[in-house]
Amino acid sequence: MGLTVCRGYTGPMNEESERLDLRMPEGNEVFAEVTEMLGANRIAVRCADGTERTARIPGRMQKRVWIREGDIVLVDPWDWQDEKADVEWRYDKQAADQLREEGHV
């Protein structure tokens, strides 16, 4: 029996190499935390600007990106109805932790 070699492993990562290059808000997009799943592809979010909004999960994300309560998302508030928004991006746990450490959320 031979020794199995894991070719992709380069050793422990240092703190600098763990930092991810994250998608940041563009235009009037804001960070938000999912507070409640409402059903019918809608979620309740608490935005970084202090507003509670109902956000819509667009068709391109349905059944491809799973969103749960407590997730950090990027939402684009509607121009004509400020209490509603569209979800543009969902951050995974590692990216969300990095956003919290850097003070964005």
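We use all heavy atoms of the structure for the numbers below, so side chains are in, but hydrogens, waters and symmetry mates are not. Numbering starts at 1 and runs along the sequence shown.
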**Item:** ring-ring contact (aromatic ring centres under 6.0 Å, His included) against Trp66, all qualifying residues, sequence neighbours excluded
**Value:** none

**Contact check, side chains of Tyr91 and Asp71, non-hydrogen atoms, under 4.5 Å** = no

**Message:** Quick check: do Val87 and Val75 have side-chain heavy atoms less than 4.5 Å from each other?
**Reply:** yes

**Asked** What is the minimum heavy-atom distance between Glu36 and Glu69, and which atoms define it?
**Response** CA-OE2, 3.8 Å

**Request:** Please report the closest heavy-atom contact between Arg90 and Met61, naming both atoms and the distance.
**Result:** N-CE, 4.3 Å

**Request:** Check the pair Glu88 / Arg60 against salt bridge (Lys or Arg N to Asp or Glu O under 4.0 Å), numbers first and verdict last.
**Result:** CA-CA 10 Å; Glu88 296 296 326; Arg60 69 178 183 273; 3.1 Å; yes

**Prompt:** Excluding sequence neighbours, so at least two apart, what forms salt bridge (Lys or Arg N to Asp or Glu O under 4.0 Å) with Arg46?
**Reply:** Glu33, Glu52

**Complete:** Nearest heavy-atom contact between Ala85 and Pro77 is CB-CA, 3.7 Å

**Closest contact, heavy atoms only, Glu26 versus Glu29** = N-OE1, 3.0 Å

**Prompt:** Does the side chain of Asp79 reach to within under 4.5 Å of the side chain of Asn28, using non-hydrogen atoms?
**Reply:** yes

**Request:** Using a 4.5 Å cut-off on heavy atoms from C-beta on, say whether the side chain of Phe31 contacts that of Leu74.
**Result:** yes

**Request:** Evaluate whether atom CH2 of Trp89 has more than 12 neighbouring non-hydrogen atoms of other residues, nucleotides or ligands under 6.0 angstrom away.
**Result:** no

**Asked** Counting N and O atoms only, with roles assigned by atom type, does the side chain of Arg53 sit under 3.5 Å from a partner on the main chain of Asp82, one being a donor and the other an acceptor?
**Response** yes

**Asked** Leu22 and Val34: same hydrophobic cluster, using ILVMFWY side-chain contacts below 4.5 Å?
**Response** no

**Prompt:** Just how far is it from atom OG1 of Thr54 to atom CG of Leu38, taken to the nearest 0.5 Å?
**Reply:** 6.0 Å

**Point-to-point distance, once rounded to the nearest 0.5 Å, from CG of Asp92 to CD of Gln98** = 10.0 Å

**Request:** Give, for atom CG of Asn41 and atom CZ of Arg56, the distance between the pair rounded to the nearest 0.5 Å.
**Result:** 9.5 Å

**Asked** Any chain of hydrophobic side-chain contacts (each under 4.5 Å) joining Ile72 to Val65?
**Response** no

